[in-house]
Amino acid sequence: MSAAQIELHPGAHVHVQREGGRPELWKVLKRKRKGWLVQLGDQDAVTWSDDHIHDLRLDHAVELYAADPEADEHVAYCLSKAFEAFPEDLKTIALRRAEYVREVDDWHGAGETLEESYVWAALHVFAAFEREWREEDVAYAAALAERRRQRQRKAATELKRPKKGQPLVVPKPRTVELWYRTWITHDRDIRVLLPDFRGRGDRTQRYAEWIYVEMRAHIEKYYLVKDRRRPPLTYAYGKFEDHCKGKGLDADKPRRKGEPRPYPTYAAFRTLKNGMLDAREEMQVREGGRKAYLTFNVFRKTDPLAKVMAEVEFDHSLVDLIVVDEQTGRAIGRPWFTAALDRASRMLIGCHLSFEVPSYAALQRCMGHAFWPKDLRGIEGLSNPWPCEGIPQFAFVDNGKEFRSKSLRRSETAMNFRIRPLPVMAPWLKGKLERLFGRFNAQVYAHREGKTFHSAVARGDYNSIKRAETTLPQLRRDLLGYIVDDYHVTRHRTLEARPLDVWNDLVARNGGIRAVPSHAQIIELIGQVRERPIGNTGIHLEGLNYHSDRLTALRERRGGRQKLYQVRFDPFDLWRIWVLDEETGEHIPVDCTNQAIARNVSIFAAGLHLQQARSSGAGRFVTEQDIVLAKQRVEEESDRILGNGGSVTTAAKVARYRYPNGEYFTPVGPRKAGQPERVKGTPAAEPVPAAVAPVAPETPSAPAPTAPPPSASSLHESLTEDLDALMDEWSRA
C-alpha cells in the first residue's frame with residue numbers, strides 16, 4: 001500500500017539528517033507522479049517517492065520548511081520564531097494583512113482573476129473592518145500612553161499627545177498582491193506577513209565618540225558598583241551631566257529649531273546602560289553573585305521527605321507578647337522561644353521558652369526536649385500525645401553564634417548528627433519554622449493583652465506594658481495546649497493531612513527513630529563545653545572550684561599539667577561538671593566544692609556573681625566567700641528590680657538571672673516521687689551533704705581585707721552594666 005501524499009509546494013525545502021551523515025537541505029521543484037522532484041544545491045534533480053518521504057519521516061530524519069531559511073533574511077527571521085513571540089503591534093498588522101490575502105484566496109477560488117481579486121479584497125476588507133480596527137488603534141494608543149505615564153510617574157493631566165501610529169488607509173491592489181504572493185509562496189504561513197520594522201529609524205551615531213565613552217565610564221564608576229547605599233542611575237547621570245557642562249555643553253541654552261541637544265537625555269543614558277548588561281549581570285555587579293543567583297535562578301522543588309527526623313530546623317524567636325511577674329504583677333519583658341521542627345511531618349519536636357537569650361544554653365534545653373520523650377503524665381487539659389523524640393540526621397541552622405559554637409560541634413560528634421548552616425540573610429531556607437513562628441504570633445500572642453506590634457504605627461496608642469497580664473508559666477501552658485491539641489491535629493495545607501498522623505505513618509513505615517541511649521548521659525552528650533586545665537586545687541569555672549580525687553590520675557600523666565581538658569556541664573546548674581578522659585573515653589563526674597554557690601546556678605549567673613565579686617573586691621583576689629556575698633547582693637538587688645525598680649528592658653535581663661530558665665518545656669527524664677525539681681531535666685545526682693567545707697583558695701595565708709558593702713544605687717548601676725556586658729559573652733561558648 002502506497003504512503004499518503006504529503007502536501008508540498010514548489011520552493012519549499014526539506015531538511016534531512018541521516019544517521020552518520022551530514023545534514024542536507026533539499027529544495028522542492030515540482031510534483032511528479034507519486035512523488036516530488038527535489039534538488040540538493042547545484043546537483044542534478046532527483047525524484048523522491050511518497051514512500052521514501054514516508055520512511056524518512058518514520059525515522060525522524062526529515063524536517064519540512066515552508067521556504068529556504070537562507071534565501072530571505074526577513075522571512076528566515078519570521079519563520080525562526082513562534083507567532084506569539086512577536087510584539088503586539090506587529091501581530092496586529094499581520095492579522096489584518098491575513099484578512100486581505102484570505103479574501104483574495106476566496107475571490108480567486110470563486111473564479112475571479114487575481115488582478116480583480118486584489119482590487120475587490122482591498123475595498124471590501126477595509127469597508128468591513130475599518131470601524132473595528134480604528135477602535136483597536138485608539139485602545140492600544142491609550143494603553144501605551146498609560147504605561148508611559150506610569151513609567152515617568154506623571155499625573156494624568158501631564159499626559160502628552162500620544163504618538164501617531166501607522167495610518168489606517170485602503171491598501172493599493174499592488175500592495176495586496178505582494179502580500180498574497182509572499183503568503184502563497186511560503187505555504188500560507190501568517191508569519192511571513194509580519195512587517196519588517198527592524199531596520200527603522202536613524203541608526204547613525206548622533207554624538208561624538210567621546211560622549212559615549214564618558215557615558216559608559218560614568219555608568220561603571222557611579223552605578224555599576226557594589227555599595228550598600230545602591231546609588232540610583234539618576235546619580236550617575238547627574239555626574240555625567242556635570243561633566244558635560246564642564247566641557248561647555250549646556251542643554252538649557254536656547255537652540256535653533258531642529259538643532260539636537262548637546263548631550264544625550266536621561267532616557268538615552270538608561271538605554272545605553274541596559275545595552276551594556278542584562279538584568280542578572282547588573283544585579284551581580286551591584287548586589288553580589290549570591291543575590292543574583294537567588295533572584296534569577298529557577299529552582300526545582302524538592303520531593304517530600306519520606307522519613308521523620310531526617311531534616312530538622314532549629315531557630316529562635318522573640319515572643320510578640322510582654323509577660324508579667326507572678327509575684328508582683330509588673331511587666332518584665334518578652335521571653336524567647338527556641339524550637340525544632342521536623343520537615344517531613346511538620347511536627348514541632350521540641351522547644352524551650354524562657355528569658356534566656358539566644359545562646360547555647362537555650363539551644364541545649366531545646367535539643368534535650370526534642371531528643372528525649374515528652375512526659376505528659378499529670379498535665380491536665382491535654383487530649384493528644386506528643387510522640388516526637390529521637391536524634392535527627394541533619395540539623396539546619398542559621399549563622400547565630402550558638403550555632404557556630406564549639407559546644408554544638410562537640411554535641412554533633414557525640415550524638416552523630418550533621419549540622420547544616422544556611423547562608424546568611426536567607427530565612428526562606430528554613431521557612432517552615434519561620435511560618436510556624438508567624439502562626440504562633442497570629443493565633444496565640446495576638447489575641448492577648450500585652451501583645452506587641454510590628455511597628456509603632458501599627459501599635460498606635462496601645463500601651464503593651466501597662467496592658468500586659470500573662471505570666472510566663474501561663475504562656476507556657478497555653479503554648480503547650482496549642483501545640484499538642486491544635487497545631488499537631490489540624491490539617492496541614494501542604495501535607496493535606498494532620499502532622500500527627502503523618503508522623504505516626506512515617507514512623508510505622510520506616511522502622512522507628514534513632515533514640516538517645518540514656519537520659520542520664522544527656523549532659524555528657526549535649527552539655528555546654530569549655531576547655532580547662534587541672535590545677536592543684538582542681539578545675540576552676542567562673543569562680544567555682546571543682547575537685548575529685550580522680551583528677552589526680554589525669555594530672556599525673558605525661559603533659560597532664562599543661563593539657564586543656566574538655567569539660568561538659570549543664571548551663572543552668574553548675575553543681576557538677578564532666579571531665580573527658582581521652583585515654584579511656586570516659587566522662588569523669590566532678591562536683592563543685594561549694595554547692596551553695598553552684599546548685600541551681602546557671603553559667604550566666606555564675607559569671608555575673610564573679611564580676612560583682614571582682615568589682616566589689618577592688619582588684620584583690622576573689623575568694624569563694626566573696627562570691628557568696630556577691631550572690632546575696634545580686635539576688636537582693638534583682639528582687640528589688642523585679643519588684644518595683646528599673647525599666648522593662650532591665651527587668652528582662654534580670655529575669656534571665658533570677659527566673660528558673662532551665663526548666664524544660666515539658667518534663668523529660670526520670671521523676672522521683674516526693675522530690676520536686678526546680679530545674680527539670682537535671683541529671684540524677686548523688687545526695688549533697690548539708691554543709692560542704694570550701695577548699696582553701698590558692699592565695700597567701702594572710703587574711704584578706706574585707707571590702708565595705710556597696711550602696712544600693714551603685715550596686716544597681718554595677719549590676720546593670722554587668723548584665724549588659726554578659727548578654728553577648730556567654731552566647732559565644
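It should be emphasised that the depicted structure is a prediction, and the values quoted were computed from it without experimental measurement. Numbers for residues simply follow the sequence, beginning at 1.
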**Item:** Heavy atoms of other groups near Lys432 NZ, more than 12 under 6.0 Å
**Value:** yes

**Prompt:** Should Cys388 and Lys374 be marked as a side chain to side chain contact (heavy atoms under 4.5 Å, CB included) after you check the CA-CA gap, both sets of side-chain angles, and the distance that decides it?
**Reply:** CA-CA 8 Å; Cys388 301; Lys374 287 79 177 158; 4.2 Å; yes

**Prompt:** In Å, rounded to the nearest 0.5 Å, how long is the span from CG of Leu544 to CD1 of Ile627?
**Reply:** 6.0 Å

**Request:** Decide yes or no for Leu305 and Glu311: does some side-chain heavy atom of the first lie under 4.5 Å from some side-chain heavy atom of the second?
**Result:** yes

**Closest heavy-atom pair and its distance - Ile349, Leu341** = CG1-N, 4.4 Å

**Message:** Working to the nearest 0.5 angstrom, can you tell me the gap between Glu582 CD and Arg557 CZ?
**Reply:** 9.0 Å

**Message:** If the threshold is 4.0 Å, N to carboxylate O, is there a salt bridge linking Arg365 and Glu663?
**Reply:** no

**Message:** Below 30° counts as parallel, above 60° as perpendicular, anything between as tilted: where do the rings of His492 and Tyr487 land?
**Reply:** perpendicular

**Asked** In terms of side-chain heavy atoms, does Asp581 have a donor or acceptor partner in Tyr565 at a distance below 3.5 Å?
**Response** no

**Asked** Is the closest side-chain donor-acceptor distance between Gln521 and His587 under 3.5 Å?
**Response** no

**Complete:** Heavy-atom nearest pair, Leu348 first then Phe337, reads CD2-CZ, 4.3 Å

**Request:** For a side-chain contact (heavy atoms from CB on, under 4.5 Å) with Ile322, tell me which candidate from Ile332, Thr452, Thr470 qualifies.
**Result:** Thr452

**Asked** Under 4.5 Å between any side-chain heavy atoms of Gln474 and Arg448, yes or no?
**Response** yes

**Message:** Less than 4.5 Å apart, side chain to side chain, heavy atoms only: is that true for Tyr482 and Phe440?
**Reply:** yes

**Side-chain donor/acceptor of Arg576 to backbone N/O of Pro589, under 3.5 Å** = no

**Donor-acceptor pair, side chain of Asn399 and main chain of Leu422, under 3.5 angstrom** = yes

**Request:** Given side chain to side chain contact (heavy atoms under 4.5 Å, CB included), test His488 with Ile483 step by step and report yes or no.
**Result:** CA-CA 6 Å; His488 284 172; Ile483 293 169; 3.5 Å; yes

**Fill in**
OG of Ser411 to CG of Leu525, rounded to nearest 0.5 Å, is 8.0 Å

**Message:** Does Arg459 form a side chain to side chain contact (heavy atoms under 4.5 Å, CB included) with His454? I'd like the steps, not just the answer.
**Reply:** CA-CA 8 Å; Arg459 184 170 60 250; His454 65 276; over 6 Å; no

**Message:** To the closest 0.5 Å, what do you measure between CG (Leu480) and CG (Leu382)?
**Reply:** 5.0 Å

**Asked** Charged N to carboxylate O below 4.0 Å: is that the case for Lys451 and Asp320?
**Response** no

**Message:** Checking the side chain of Ser345 only, and the main-chain atoms of Val502 only, is there a donor and an acceptor separated by less than 3.5 Å?
**Reply:** no

**Request:** May I ask you to test the Thr490-Arg439 pair for a side-chain heavy-atom distance under 4.5 Å?
**Result:** yes

**Prompt:** Judged by atom type as modelled, is there a donor-acceptor pair below 3.5 Å linking the side chain of Ser548 to the main-chain atoms of Leu551?
**Reply:** no

**Request:** Kindly check if the number of other-residue, nucleotide or ligand heavy atoms within 6.0 Å of CD (Gln327) is above 12?
**Result:** no

**Arg640 bridged to Glu636 by N-O distance under 4.0 Å** = no

**Message:** Tell me if a side-chain donor or acceptor on Arg418 pairs with a main-chain N or O of Phe394 at a distance below 3.5 Å.
**Reply:** no

**Message:** Looking at His316 and Val357, would you say the former's side chain and the latter's main chain have a donor-acceptor pair under 3.5 Å?
**Reply:** no

**Spacing of Met309 atom CE and Leu506 atom CG [to the nearest 0.5 Å]** = 12.5 Å

**Parallel, tilted or perpendicular: ring planes of Trp575 versus Trp578, cut at 30 and 60 degrees** = perpendicular

**Prompt:** Should Glu412 and Arg409 count as an ion pair when the cut-off is N to O under 4.0 Å?
**Reply:** yes

**Asked** How about Tyr657 and Val634: do any of their side-chain heavy atoms sit closer than 4.5 Å?
**Response** yes

**Prompt:** How far apart are the closest heavy atoms of Ile391 and Ala515, and which atoms are they?
**Reply:** CD1-O, 3.8 Å

**Message:** So, using salt bridge (Lys or Arg N to Asp or Glu O under 4.0 Å) as the criterion, who are the partners of Asp486 when residues are at least two apart?
**Reply:** none

**Message:** Set out, in order, the CA-CA distance, both residues' side-chain angles and the distance that settles side chain to side chain contact (heavy atoms under 4.5 Å, CB included) for Arg343 and Glu313, then state yes or no.
**Reply:** CA-CA 7 Å; Arg343 285 184 170 181; Glu313 297 178 4; 2.7 Å; yes

**Complete:** Here the pair of heavy atoms bringing Glu542 nearest to Ile603 is CG-CD1, 3.4 Å

**Request:** Indicate yes or no: at least one non-hydrogen side-chain atom of His369 is less than 4.5 angstrom from one of Cys366.
**Result:** no

**Asked** Side chains of Val567 and Tyr546: closer than 4.5 Å at any heavy-atom pair?
**Response** no

**Spacing of Arg410 atom CZ and Ile526 atom CD1 [to the nearest 0.5 Å]** = 15.5 Å

**Asked** Do Ser616 and Arg633 have side-chain N/O donor and acceptor atoms under 3.5 Å apart?
**Response** yes

**Request:** Write down the atom of Phe355, the atom of Pro335, and the distance for their closest heavy-atom approach.
**Result:** CE2-N, 4.0 Å

**Asked** How about Ile419 and Val397: do any of their side-chain heavy atoms sit closer than 4.5 Å?
**Response** yes

**Asked** Tell me, which pairs form a salt bridge (charged side-chain N to carboxylate O under 4.0 Å, His left out) where one or both residues lie in residues 347-364, sequence neighbours left out?
**Response** Glu356-Arg656

**Asked** What heavy-atom pair brings Pro392 and Phe371 nearest, and what distance separates the two atoms?
**Response** CD-CE2, 3.3 Å

**Ion pair check, Arg330 and Asp325, cut-off under 4.0 Å** = no

**Message:** Test your reading of the model: is there a side-chain donor-acceptor pair from Asn661 to the backbone of Ala655, 3.5 Å cut-off?
**Reply:** yes

**Prompt:** Could you go step by step and tell me if Lys631 and Glu624 meet the salt bridge (Lys or Arg N to Asp or Glu O under 4.0 Å) rule?
**Reply:** CA-CA 10 Å; Lys631 180 174 182 290; Glu624 288 187 347; over 6 Å; no

**Request:** Say whether Thr593 and His547, considering side chains only, have a donor N or O and an acceptor N or O under 3.5 Å apart.
**Result:** no

